[in-house]
Number of protein chains: 2
Amino acid sequence: MVDRVVPDVIVSRLPVYLRALQFMQMQAVTTTSSQDLGSKVNISAAQIRKDLSQFGEFGKQGTGYNVEALIAHLEKILQVEKVWDVAVIGMGDMGHALTRYGGFLNRGFRITDCFDNDPAKIGSQAGQYIIKDVADIGKGDCLRGKMVMLCVPAAAAQKIANKLVECGVKAILNYAPVHLSVPADVRVQYIDPVIGLQRMAYYLHEKNE
Amino acid sequence: MVDRVVPDVIVSRLPVYLRALQFMQMQAVTTTSSQDLGSKVNISAAQIRKDLSQFGEFGKQGTGYNVEALIAHLEKILQVEKVWDVAVIGMGDMGHALTRYGGFLNRGFRITDCFDNDPAKIGSQAGQYIIKDVADIGKGDCLRGKMVMLCVPAAAAQKIANKLVECGVKAILNYAPVHLSVPADVRVQYIDPVIGLQRMAYYLHEKNE
DNA sequence: ATAATATTGTGGAAATAATCACAAACTCGC
DNA sequence: GCGAGTTTGTGATTATTTCCACAATATTAT
Ligand SMILES: NC(=O)c1ccc[n+]([C@@H]2O[C@H](COP(=O)([O-])OP(=O)(O)OC[C@H]3O[C@@H](n4cnc5c(N)ncnc54)[C@H](O)[C@@H]3O)[C@@H](O)[C@H]2O)c1
Ligand SMILES: NC(=O)c1ccc[n+]([C@@H]2O[C@H](COP(=O)([O-])OP(=O)(O)OC[C@H]3O[C@@H](n4cnc5c(N)ncnc54)[C@H](O)[C@@H]3O)[C@@H](O)[C@H]2O)c1
């Protein structure tokens, strides 16, 4: 295995494999194959084998893959065997839903800090968190970690993103429905349900109801 | 323009273009170019022109594109010049956040029905909606439309998806962190923040905090 | 009018990604 | 221990996607 750079498209599939494997593990499945895993994520078996071969040889001929071992490998590759600190910015409906969500910890993340700019919210309790002032980001060790989930209105998102970049944030999960301009060393992933709906609407036939 | 099938990868970019164009429109920008739009969505100008050329000729040499006209074309292509009825299933934190979200209507969608299986929630009011019993899906005209946002726990998602398919649903926006198996004529889009975070974690260097 | 500048739409080249197909290696039943 | 059946990892092939480059056309300046 040379130290060649792994294509983005492959990296982006790994979390999908990992999620499916963890689902199998929950059901006490101990072994799988590229065929089996592929059928569960709608990806060809050859594709899965090629993808995994970028990182090593994790399977055994005739048998397939040990679920637990492959999970461990993928977690290592994705760097989610540790737990990353993530901040939530914008404690409206979405921010609150995220802080109440229990699905982060066993997949490599935990929310450590929450921010807002609404004086009525700053200082108040949200579950186990005390909402901090977004203006304090950058002051002291207010913002732990390098990852942020951004849940502010679209109009405020770019401005805050700029500030986050200044403060060393390297990964932004952006819920605001706008594109963010950031330096090349900062990653952004977008979550916009409307984009998802529109991608599907293209394929709908006939009338609405 | 022959009636060739448009690659999925192109369709999936159109909503991103549309979102950026609508953002420009909000700022009273009347004209743009492939260059300009490209810089705003981080996609090459050539790519944008090639994508659009699949559907017609919307630009003018020397000038570029009229924002309003291009929006109208994209809305037509994506079939979001009309408004689609969408149901929400699972009225927990996420379901509630979605019903309270104001960003659907002007992008082609509206929530018409909400469902849950919790007796304590069925019949109760959630904003302007009365939560219906998920068991009633399929009975009468309880479920309008062909699109659903699925916000139930992972363990329940596939079962409900099966039922939705039976009832003629053709598009599922799935918030549950599991892959759904559906017939080829049914579309699924996935929203899982952890997948987004994991895709970014791969590229992070150094330690957590 | 003319030159300088801007921008589109597209054919073709280049780059990237997906698929095929098979030797090698393992399992299992008898 | 042998044959039948599985499944991996990968080189080669095919398919898809992206990028380049430029003629054609429009705008703007002078
Ligand atoms: N709620 C949903 O289901 C949903 C769906 C799709 C997209 N979104 C997007 O997610 C984002 C958040 O949505 P929401 O429904 O939670 O909105 P919301 O209005 O309920 O909450 C926004 C929060 O951000 C805070 N805020 C505003 N400006 C800020 C600033 N400059 N700095 C820090 N905090 C600031 C507000 O005080 C508020 O608490 C929005 O961009 C929205 O478009 C939400
Ligand atoms: N809240 C978040 O921020 C978040 C983040 C990521 C993913 N998700 C996922 O989104 C989904 C919903 O999350 P949530 O936080 O709203 O969960 P939640 O537990 O708050 O709500 C789930 C709702 O679904 C209902 N439900 C359960 N089984 C049902 C069934 N068979 N039929 C109909 N309704 C049923 C429950 O009564 C409840 O109202 C989950 O799959 C969760 O993993 C949520």
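All chains are named by letter (A, B, ...) in the order of the sequence lines, taking the proteins before the strands, and each is independently numbered beginning at 1. Just so it is clear, the structure is predicted and the values come from calculations on it, not from any experiment. Heavy-atom basis, side chains included; hydrogens, waters and symmetry copies ignored.
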> Less than 4.0 Å between a side-chain N and a carboxylate O, is that true for A/D133 and A/K139?
Replying inline: no
> Do B/D192 and A/R107 meet the salt-bridge criterion of a basic N to acidic O distance under 4.0 Å?
Replying inline: yes
>> With nearest nucleotide decided by heavy atoms, which residue, B/V9 or A/G59, maps closer to the 5′ end of DNA chain D?
In response: A/G59
> Toward the 5' end of DNA chain D, which comes first, A/G62 or A/F58, by nearest nucleotide?
Replying inline: A/G62
Just N and O in the side chain of [X]: are any of them under 4.0 Å from OP1 or OP2 of [N]?
| X | N | result |
| --- | --- | --- |
| B/R13 | D/dT18 | yes |
| B/S34 | C/dT7 | no |
| B/S44 | D/dC19 | yes |
| A/R49 | D/dT8 | yes |
| A/Y65 | C/dC26 | no |

> Once you build an axis from the first five pairs and another from the last five of the helix from C/dA1-D/dT30 to C/dC30-D/dG1, how far apart in angle are they, to 10 degrees?
Replying inline: 30°
> Rounding to a whole Å, what distance do you find between A/D51:CG and C/dT19:P?
Replying inline: 11 Å
>> Rounded to whole Å, how long is the line connecting atom CD of B/Q61 with atom C1' of D/dA23?
In response: 9 Å
> Just wondering, are more than 12 heavy atoms of other shown residues or ligands nearer than 6.0 Å to CD in B/Q35?
Replying inline: no
> Do A/F23 and B/H179 have ring centroids that are under 6.0 Å from one another?
Replying inline: no
